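What you see is a predicted model, and the numbers here were worked out from it, not measured in a lab. A, B, ... follow the sequence lines: proteins, then strands. Residue 1 opens every chain.
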Amino acid sequence: MSKEYRLEVNGTQMNQMASTHDLPKQYDHHAAEERWYPFWESRGYFHSEPNPAKKPYTIVIPPPNVTGALHLGHALNNTLQDILIRRKRMQGFETLWVPGTDHAGIATQAVVERRLWLEERKTRHDLGRAALVARIWAWKDEYENRILNQLKQMGCSCDWARTRFTLDPICTQAVRHTFFRLFCEGLIYRGKRLVNWDTTLQTVVSDDEVFHEQVAGHFWYFKYPVIDPRPGEPTHVTIATTRPETMLGDTAVAVHPFPAQALEEASRDLERKWTTASERERAELESALEDIRRRQRELLPELIRLRDMASDGRKILLPLLNREIPLILDLWAKPEMGTGCVKITPAHDPNDYLVGQRHELPMINILNPDGTLNANAGPYQGQTILEARENVVRDMEAARLLVKVEDRLIDLAHSDRSKTPIEPMLTDQWFIAMADLAQMAMDAVSDGRVKIIPPRYAKGYLDWLSEKRDWPISRQLWWGHQIPIWYCETATEEEIAKAFAGRDDIAWRWDEEGKQWLICVREGEIAEDAIPGHRLRREEDVLDTWFSSALWPHSTLGWPDQTPELQYYYPTSTLVTSRDIITLWVARMVLAGLHNVGKVPFHEVYIHPKILDAYGEGMSKSKGNGVDPVDVMEKFGADSLRFALAYLTTETQDIRMPVDFECPHCHRFIEQTRENRVLPRLRCPHCHRDFATQWAEKPEDKALPRGLVVSERFEVARNFCNKLWNAARFALLNLEGYTPISIAMEQLELEDRWVLSRLTRVIQEVDDALEQYRFAEATRILYEFAWDEFCSFYVEMVKARLQEPGKRAVAQAVLVWVLDQLVRLLHPFVPFVTEEVWQHLAKVAPVRGLESHEKAAESIMIAPWPKAEPKWCKPQIEEEFRQFQELLRAVREIRSRQNVPPRQMIDFTVRCSPETASKIQKMEPYFHLMAKARPAELGPEVKAPTMAAHVSLPGVEVYVDLAGLIDRDQEIRRKQQELSRLTEMIDKKKAKLNDPQFRQRAPAAVVERERQTLAQLEEQYKVASAALEQILQVQTKS
RNA sequence: GGGCGAUUAGCUCAGUUGGUCAGAGCGCCACGCUUACAACGUGGAAGUCGGCCGUUCGAAUCGGCCAUCGCCCACCA
């Protein structure tokens, strides 16, 4: 358990709560959070055990990297999971949410190495493998703790007893068993591959750890001499390159086999594009076409001659090294690019590698791991890439082989971690053959065993898998699962078989290319001298992080052991994640689950939005635009963080989140901009005092108070929590003498039936939305019900009855019941404030219900989820109520526009049908209470008072007699506006109804509705113009 | 280059199956500290739903094209 939550848990929580009489007016989120999380945890609510009596509902957390603290994206991800989990728990499922963290191979190692360098000026080689790994473990412990605490602070109801880490013994066992099985099945192999080499970290980085950046560079044109040119033949081949130094590794020059056709095709292609291109694009196309025509005129003859020379098997002399290299024919040498001829460096360029394979060219690696040139570079050995580049260019120039240099923007690959340029390099790597595995994973989604939500994301998943590219799994790192392979070059198969006789946990295979035995062991290690007379050498590389992540849903449950957990909880129910790891992670979990367990890892995958800043950019630490969930919780509370995020989780949109600094002095917000977000200190424009930001490094900056980084978008949620708190506060202050009573439907007042009907519908709608992962919709429904209906109407209306002894008991019972149901519905979203309310309610109204009663659960967390009772659903009452609300609004509008003093009671008269009149009559006290207004005269015979403000509603005319108070001009203006609006609408409707097409083709019901609307509008017009007439007359008389 | 998404009030966003759906919150204006709540209440102003064309009796909603923005994948001697 975390330090932050080490609180005395001895059943004294109740005593720490404020008593009903001094409930604070503002909800104190800090107090509630500190009080209830330890309470839940101590009661063991988070813990789950297989329980055959219940259905399981399981989520495994996408394990956050132990690289650093959680960001807002994590907050979103985990909020949504907790909402699902808490609701299912209340619904009676046996819910398990497995928490954990990911070792995140290169990312974590890089962070620790960077710190090692900054603080101690040491590299990992100074420390050695064991010591570095020990350092990373220490780092991991610190950050894992921090991450888990953040999750707890957010209220996440994970089963902490089952916390896993991708490098812990449980996960390690799964990794080893998986690797061993794949090895035995022949699905793991060793091969050559061109990798992204990071010369600073001296490691391979994966494609997704590479970013591209445009840098200013050059395009050098070199001439390579042709060996023994015949008369009339070109004496040189001209090539162009952005990387002159790589020529030292050249093993061929390629030319296109059909240059004329290729150029022809390229020009046809451009012409085709021309037809659909816009003005602007056409200019570009035109110059490209022009270029091709020029090539056809000037370059083509030479290319054709070179092509012929290539078919003739002619050779080129590679300058500087004086190596003989062939002139080859390959489609890769596009005549519309560069000089039409291309140098081939198979060991240092992905495309050239393919060419090299096709032509079986030698592959010459010219680089050392640290980015200096090796012996293959001849005289340039030992130089850095940049030094070699300069020297090669200088020497080529001296040899008069440099034709020209052009400036050019180059899209250069950089390592995400070290920010240094990537060198493509040919190395030995381990792979998993994907053909069959990928197919299994595709089938699982195609046939619906795994459902991806929203469904559009299935396409990317299927497309990516359908390429069935083998998965490179080795990484030249020290932090991770070391590949369980031992090499032996010298032993014979008999010796190996003898040494490992009877061991079914060891397998071996001859590696023809490496001329060595590959020996794999399922668990533990093999001693160096396990084979008498020979030495075994262990593979140093570790596995790709995603290898262990792929096993997460079953490894965390104990696989390969057939644990009760695995049998009960697997397949898990839902995976909640973001779209950028659908392929890297989701796809691999599906295939690993199918391969290892034989079942899909989860039934549904919910892909949630990404959080962007005000500029629509993704948030990141390096950009400085990240919002820290801890800051948000400090300022607004965990519930507000959660509620706001859920409120923003719509299906199609990413979440745009303007970022603000909070001035620590005056607590006002300062908008974050691209400029100010990277500064170490800022001056508050309101109070003109300085504060520090996350970038503060200098002591004088760090000494300043730090401004929180938050977003104003959490205010809505904070206000909502406070509103809810105050509604509860109202109830608590009015529950004196509460006793549970059985209530018959007949005892209920209109507002009771209305609010119960609305509640019933809300339960249905929230259930519906959440089943479909429509978090924003569920949140919105609850927000609007709680605020606009429960608080603004029900609570207001019940006030009077709470003062009447005869009506008090029923009013209390309904009030408590609706509040009870509302906080249950809200609990998954805002667990702390709802628990706070729940516990307060338990003190004054422990037994609640309408017809039947139940003692409330000791925590809302384990209280049953509300059920919609169809019998409470009363559409007619809702309709009546809607009319009341409109009328109330009309009266209020008159008050407001006539500036009637707030305390002054006004009378109003209503012309309407007798039925409506009697309904309005019943609502009398509410008009009094909510609008300081009194219905004086009601019915069909009511005449408009001579001095009146008037509002017209369908079938209802409302007048307020304001003799002496009326602002005539105001009222006249208003009426005129209203009349012109009505005229416009009437004209539109008439035109529509006069259209024979409409009358014929539209459904009869629609036509009828339009007809009725028109009649209403015309009636309103009549009344309004009469009212206007009357006011005008009054004016004339006076 | 391939794919996906977005464009609705000053800002951030809702709008299920085409027919009172033009909405919310913030911001703004006016009036209110009315004994749950000023983190509040009441009322108000504000948008030719990115543009064009089509389908339809009828389009924010369906189709096509264009523009702008964003994301993913591939590629760039």
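In this structure, A/H840 has its ring center closer than 6.0 angstrom to the ring center of A/W725. Taking the six-membered ring where the residue is Trp, the centroids of A/F222 and A/Y224 are separated by 6.0 Å or more.
Residues forming a side-chain hydrogen bond (donor to acceptor under 3.5 Å, both in side chains) with A/R469 (at least two apart in sequence, or on another chain): A/E467. With sequence neighbours excluded, the residues that form a ring-ring contact (aromatic ring centres under 6.0 Å, His included) with A/F927 are A/F884, A/F908. Among residues two or more places apart in sequence or in another chain, the side-chain contact (heavy atoms from CB on, under 4.5 Å) test is passed with A/A252 by A/P326, A/I328, A/I344, A/L361. Every residue two or more places apart in sequence or in another chain was checked for a ring-ring contact (aromatic ring centres under 6.0 Å, His included) with A/H30, and none qualifies. A search for salt bridge (charged side-chain N to carboxylate O under 4.0 Å, His left out) contacts involving A/R358 returns A/D330, not counting sequence neighbours. Scored by the ring-ring contact (aromatic ring centres under 6.0 Å, His included) test, A/F998 finds no partners at all (sequence neighbours excluded). By the side-chain contact (heavy atoms from CB on, under 4.5 Å) test, A/R579 is found to be paired with A/Y457, A/I582, A/I607, A/K610, A/D654, residues two or more places apart in sequence or in another chain being considered. Not counting sequence neighbours, A/F636 has no partner by the ring-ring contact (aromatic ring centres under 6.0 Å, His included) test.
To the nearest whole angstrom, the two P atoms, one in B/C28 and one in B/A39, are 14 Å apart. For the C1' atoms, the distance linking B/U42 with B/C33 amounts to 14 Å, nearest Å. When the P atom is compared between B/A9 and B/G58, the two are found 27 Å apart, to the nearest whole Å. Look at the P atom in both B/C49 and B/G23: the space between them is 14 Å, to the nearest Å. Separation of the C1' atoms belonging to B/U55 and B/G63 is 7 Å when rounded to the nearest angstrom. Here the separation of B/U61 from B/G15, taken at their C1' atoms, is 9 Å to the nearest Å. Distance noted for atom P between B/U17 and B/C75: 38 Å (whole Å). Taking atom P in both B/A24 and B/A46, the straight-line distance is 14 Å, to the nearest Å.
Atom CD1 of A/I611 and atom C1' of B/C13 are 15 Å apart (whole Å). With rounding to whole Å, A/L584 atom CG is found 11 Å from B/C72 atom C1'. When the C1' atom of B/G2 is taken as reference, atom CH2 of A/W464 falls 18 Å away, rounded to whole Å. Between A/Q997 atom CD and B/G58 atom P the separation is 7 Å, expressed in whole Å. The separation between A/F714 atom CZ and B/C26 atom P is 16 Å, rounded to whole Å. A/L612 has its CG atom 11 Å from the P atom of B/G70, to the nearest Å. Atom pair A/Y457:OH and B/G5:P shows a separation of 9 Å (rounding to whole Å applied). If you take NZ of A/K610 and P of B/A6, they are 17 Å apart, rounded to a whole angstrom.
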## Note on the structure
In B/S/- notation (B base, S sugar-phosphate only, - none; protein heavy atoms under 4.0 Å), nucleotides 14-23 of chain B written 5' to 3' is S----BB---

### Message
For a quick check, with a 4.0 angstrom heavy-atom cut-off, what is the B/S/- contact string for nucleotides 32-47 of chain B, read 5' to 3'?
### Response
----BB-BSSSSS---

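Here A/K459 lies in heavy-atom contact (under 4.0 Å) with sugar-phosphate atoms only. Looking at heavy-atom distances under 4.0 Å, A/R999 makes no contact with the nucleic acid at all.
Summary of the strand contacts: A/R456 and A/D788 both lie near RNA chain B, and taking for each the nucleotide with the nearest heavy atom, the more 5' one is attributed to A/R456.
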### Worked check of side chain to side chain donor-acceptor pair (under 3.5 Å) between A/S466 and A/K468
CA-CA 5 Å; A/S466 71; A/K468 300 186 178 175; over 6 Å; no

Review item, side-chain donor-acceptor pairs of residues 782-791 of chain A, under 3.5 Å, at least two apart:
residue, atom, partner, partner atom, Å
A/E789, OE1, A/R758, NE, 2.8
A/E789, OE1, A/R758, NH2, 3.1
A/E789, OE2, A/R758, NE, 2.9

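OP1 or OP2 of B/G27 has not a single side-chain nitrogen or oxygen of A/R713 nearer than 4.0 Å.
Looking at heavy atoms from C-beta onward, A/N722 lies out of side-chain contact with A/K25 at the 4.5 angstrom threshold.
Helical stems in RNA chain B, defined as runs of 3 or more consecutive Watson-Crick or G-U wobble pairs with both donor-acceptor distances under 3.5 Å, are listed by first residue as B:1-7 with B:67-73, B:10-13 with B:23-26, B:28-32 with B:40-44, B:50-54 with B:62-66.
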